[in-house]
J.: 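Sharing a structure, written as structure tokens. Questions coming.
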Amino acid sequence: MPRDRDVDACPGALQVHPAADGAMARIRLPGGMITAAQLAALADVSTRWGSGTLELTARGNVQVRGISEVTAAGDAIAAAGLLPSATHERVRNIVASPLSGRVGGGVDVRGWVGQLDAALCAEPRLAELGGRFWFSLDDGRGDVSGLGADAGVHSFDDGCALLLAGRDTGVRLEAGDIAGALVDVALRFLEVRGNAWRVSELDDLRDLVPEADVHGAAFPPVGKAPVGWIPQTDGRVTLGAAVPLGVLPARVAEYLAAIEAPLVITPWRSVLVCDLSEEVADVALRVLAPLGLVFDENSPWLTVSACTGSPGCAHSAADVRADAADALDEGSGTHRHFVGCERACGSPPIGEVLLATGDGYRPIR
């Protein structure tokens, strides 16, 4: 059902959110891709003017909380090359298969990320696209198509399927047409959305794509991050590090940046450190694991998540992160997401969502 609010309050790096713990900025990272120097810059912003931590989001973005100097922080983020378009910075929401081009998958979608990002920023009308609207680019392995992005593509042997709200529309695209097709969907959404912010809130998907199969198959969601020692096709190594509750201390981010390797923030609030030699990967693993990053795919930290909660969010009825951490030993094999209010921010597509009531939790999914 569409929301009643007409104003898009979704934060960006320039339009910050006035949270209970201070200004909060959200920095979009198309495809989750970020350089070591850029991660170091965000760590510095958080250390100088923020909470001293970075928050990883369910769309592969990064948040900085508790910012005391919003203008200085924005200038530093821009200087790091993370704001190529001041007018479009909140609409650059692109999730892509994090291991694409390195491990598995049917096609390397990293080039599509850049093409789509450039196409979004080049269309002036899309500056009005809501900050919640997002895109997915799946290389065929099925890791991000099931996350339910508003518009996306999934690579098959016979072409790329156009997805709407995580469903196969039956429409097939050539690789060279992907960016243009997704921009067209977003433009059409602006025309027909009324007070809807997401494609799933529309009454009929054919308002966006007339030939769409509205009963097309939905892709099953993937609930866990790729973690541990991941051999790449080219003989190098990716290290997958889960970040407990998505909270990355700035000091740990500095250690990650010091490796000077390509980095990917995943939609499961983890970090991939890519293109390492075995020798460098071995040293990095020995340094990073004691800092609190998780490289064990069986760790209970991969079974819990939480919204910000108290004291950072004024809407929250509890310190949900502390409660999620305390519940690690109560694991049932089902992912549990702890939330402080009925907005249920950051809820993953699978598992239980537990709402704080003031005297405990009740399931709302």
J.: Please confirm whether Arg110 makes a cation-pi placement over Trp112, using NZ or CZ under 6.0 Å from the six-membered ring centre and within 45° of the ring normal.
T.: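 That pair does not qualify as a cation-pi contact.
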
J.: Looking at NE2 of His335 and OG1 of Thr303, how far apart are the two atoms once the value is rounded to the nearest 0.5 Å?
T.: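 So the gap between those two atoms works out to 7.0 Å.
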
J.: Report the distance from atom CG of Asp117 to atom SG of Cys121, rounding to the nearest 0.5 Å.
T.: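 Reported value, rounded in 0.5 Å steps: 4.5 Å.
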
J.: Taking C-beta and beyond as the side chain, do Ser97 and Asp143 meet within less than 4.5 Å on heavy atoms?
T.: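 SC-SC contact between Ser97 and Asp143 confirmed.
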
J.: Under the criterion side chain to side chain contact (heavy atoms under 4.5 Å, CB included), I'd like the reasoning laid out for Ile265 against Val271: C-alpha separation, chi angles, the key distance, then a yes or no.
T.: CA-CA 5 Å; Ile265 308 300; Val271 181; 3.8 Å; yes

J.: Going hydrophobic residue to hydrophobic residue with side-chain gaps under 4.5 angstrom, can you get from Val294 over to Trp229?
T.: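 No, because Val294 and Trp229 fall into different hydrophobic clusters, even though each may have its own neighbours under 4.5 Å.
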
J.: Please check this pair: side chain of Ser316 against backbone of Ala318, looking for a donor-acceptor N/O pair closer than 3.5 Å.
T.: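 Yes, the answer is positive, given that a donor and an acceptor are paired below the 3.5 Å cut-off.
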
J.: Do Phe156 and Arg172 have side chains that get closer than 4.5 Å, going by heavy atoms?
T.: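 Counting from C-beta outward, Phe156 and Arg172 do come under 4.5 Å.
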
J.: Do Tyr361 and Val320 have side chains that get closer than 4.5 Å, going by heavy atoms?
T.: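 Heavy-atom side-chain distance check passes, below 4.5 Å.
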
J.: Are Leu163 and Leu129 joined in one hydrophobic group, where the rule is that I, L, V, M, F, W and Y side chains link up if heavy atoms are under 4.5 Å apart?
T.: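 No; tracing contacts between hydrophobic side chains, which count when under 4.5 Å, never links both residues.
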
J.: When you group the ILVMFWY residues by side-chain heavy-atom contacts below 4.5 Å and let the links chain together, are Ile178 and Ile94 in the same group?
T.: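 They do share one cluster, since a chain of ILVMFWY contacts under 4.5 Å joins Ile94 to Ile178.
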
J.: Counting distance only, does the side-chain N/O of Ser270 pair as donor-acceptor with the main-chain N or O of Ala225 below 3.5 Å?
T.: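 Such a contact is absent between Ser270 side chain and Ala225 backbone.
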
J.: Considering only Ile, Leu, Val, Met, Phe, Trp and Tyr, and joining two whenever side-chain heavy atoms are under 4.5 Å apart, list the other residues clustered with Val144.
T.: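 Answer for Val144: Val95, Trp134, Leu147, Val222, Trp268.
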
J.: Any pair with a residue in residues 198-225 that passes ring-ring contact (aromatic ring centres under 6.0 Å, His included), sequence neighbours left out, goes on the list, sorted by first then second residue, please.
T.: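 Listed by first then second residue: His154-Phe219.
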
J.: Would you name the heavy atoms of Ser305 and Ala324 that are closest together and state the gap between them?
T.: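 That would be O-CB, 4.3 Å.
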
J.: Distance from Ser85 atom OG to Glu123 atom CD, nearest 0.5 Å?
T.: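 The distance works out to 11.5 Å.
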
J.: Write down the atom of Val339, the atom of Cys307, and the distance for their closest heavy-atom approach.
T.: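 Nearest pair, atom of Val339 first, then Cys307: CA-SG, 3.6 Å.
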
J.: Applying the 4.5 Å side-chain criterion to the ILVMFWY set and letting contacts propagate, would Val264 and Ile259 be lumped into a single cluster?
T.: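 Val264 does not cluster with Ile259.
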
J.: Would you say that more than 12 heavy atoms from the other residues, nucleotides or ligands in this model lie under 6.0 Å from the CD of Glu191, or not?
T.: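 For Glu191, atom CD is crowded (more than 12 foreign heavy atoms under 6.0 Å).
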
J.: Name all residues meeting the side-chain contact (heavy atoms from CB on, under 4.5 Å) criterion together with Ala241; count only those two or more places apart in sequence or in a different chain, and write none if there are none.
T.: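 side-chain contact (heavy atoms from CB on, under 4.5 Å) check on Ala241 returns Leu293, Phe295.
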
J.: Has the side chain of Ser299 got a donor or acceptor atom that lies under 3.5 Å from a matching backbone atom of Leu302?
T.: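 Answer holds: no.
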
J.: Assess the residue pair Arg188 and Asp207 against the criterion (salt bridge (charged side-chain N to carboxylate O under 4.0 Å, His left out)); give the C-alpha distance rounded to whole Å, side-chain angles, the decisive distance to 0.1 Å, and a yes or no.
T.: CA-CA 8 Å; Arg188 180 62 179 156; Asp207 289 339; 5.5 Å; no

J.: Can you name the one residue among Arg65, Arg26, Arg269 that meets salt bridge (charged side-chain N to carboxylate O under 4.0 Å, His left out) with Glu55?
T.: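 Of Arg65, Arg26, Arg269, salt bridge (charged side-chain N to carboxylate O under 4.0 Å, His left out) with Glu55 is met by Arg65 alone.
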
J.: Answer whether the closest heavy-atom distance between the side chains of Val70 and Ile67 falls below 4.5 Å.
T.: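 Val70 reaches Ile67 side chain to side chain.
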
J.: To the closest 0.5 Å, what do you measure between CZ (Arg343) and SG (Cys313)?
T.: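 Arg343 atom CZ to Cys313 atom SG measures 5.0 Å (nearest 0.5 Å).
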
J.: Heavy-atom count check: over 12 atoms from other residues, nucleotides or ligands less than 6.0 Å from Arg206 CZ?
T.: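 Check fails, neighbour count at 12 or below.
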
J.: Output, in order, the C-alpha distance, side-chain angles, deciding distance and verdict of salt bridge (charged side-chain N to carboxylate O under 4.0 Å, His left out) for Asp275 and Arg102.
T.: CA-CA 8 Å; Asp275 301 342; Arg102 293 185 170 98; 2.8 Å; yes

J.: Going by the rule ring-ring contact (aromatic ring centres under 6.0 Å, His included), which residues pair with Phe133 if we only count those two or more places apart in sequence or in a different chain?
T.: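 Result, ring-ring contact (aromatic ring centres under 6.0 Å, His included) vs Phe133: Phe135, Phe189.
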
J.: Could you state the interatomic distance from NE2 (His337) to CD1 (Ile364), rounded to the nearest 0.5 Å?
T.: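 Result: 8.5 Å between the selected atoms.
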
J.: Could you report the tightest heavy-atom contact between Val45 and Ala76, atom names first, then the distance?
T.: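 Residues Val45 and Ala76, closest heavy atoms: CG2-CB, 3.7 Å.
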
J.: Please determine whether the number of non-hydrogen atoms from other residues, nucleotides or ligands lying under 6.0 Å from atom CZ of Arg365 exceeds 12.
T.: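 Counting neighbours around CZ of Arg365, more than 12 heavy atoms of other residues, nucleotides or ligands fall under 6.0 Å, so yes.
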
J.: Which residue pairs satisfy the side chain to side chain donor-acceptor pair (under 3.5 Å) criterion with at least one member in residues 241-263, sequence neighbours excluded?
T.: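 Residue pairs passing side chain to side chain donor-acceptor pair (under 3.5 Å), neighbours aside: Arg251-Glu254.
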
J.: Would a hydrophobic clustering, with Ile, Leu, Val, Met, Phe, Trp and Tyr connected at side-chain separations under 4.5 Å, put Val199 with Val192?
T.: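 Looking at the clustering, Val192 is in the same group as Val199.
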
J.: Side chain to side chain contact (heavy atoms under 4.5 Å, CB included), that's the test. Do Leu54 and Leu39 meet it? Break it down for me.
T.: CA-CA 10 Å; Leu54 303 177; Leu39 182 63; 3.8 Å; yes

J.: Taking the side chain from Arg193 and the backbone from Arg198, do they hold a donor-acceptor pair closer than 3.5 Å?
T.: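 Looks like no, no N/O pair under 3.5 Å.
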
J.: Return yes when atom CD of Glu211 has more than 12 non-hydrogen atoms of other residues, nucleotides or ligands closer than 6.0 Å, and no otherwise.
T.: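 Check passes, neighbour count above 12.
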
J.: Between Arg286 and Asp282, does any side-chain N to carboxylate O distance fall below 4.0 Å?
T.: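 Looking at Arg286 and Asp282, the cut-off is met.
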
J.: If every non-hydrogen atom of Gly240 is compared with every non-hydrogen atom of Leu272, which pair is closest and at what distance?
T.: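 Smallest heavy-atom distance, with atoms named: CA-CD2, 3.7 Å.
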
J.: What is the distance from atom CD1 of Ile27 to atom CD1 of Ile34, rounded to the nearest 0.5 Å?
T.: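 Interatomic distance, Ile27 CD1 to Ile34 CD1, rounded to 0.5 Å: 8.5 Å.
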
J.: Quick one: closest heavy-atom pair of Ala196 and Leu202, and the distance?
T.: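 Residues Ala196 and Leu202, closest heavy atoms: CB-CD2, 4.1 Å.
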
J.: Are any non-hydrogen side-chain atoms of Val109 and Asp138 less than 4.5 angstrom apart?
T.: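 The answer is no; the side chains never approach within 4.5 Å.
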
J.: With no hydrogens and no angle check, is any side-chain donor or acceptor of Thr57 less than 3.5 Å from a backbone partner on Asn61?
T.: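 Looks like yes, one N/O pair under 3.5 Å.
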
J.: For residues 66-83, which residue pairs qualify under side chain to side chain donor-acceptor pair (under 3.5 Å), counting only residues two or more places apart or in two chains?
T.: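 Passing the test, one end in residues 66-83: no pairs.
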
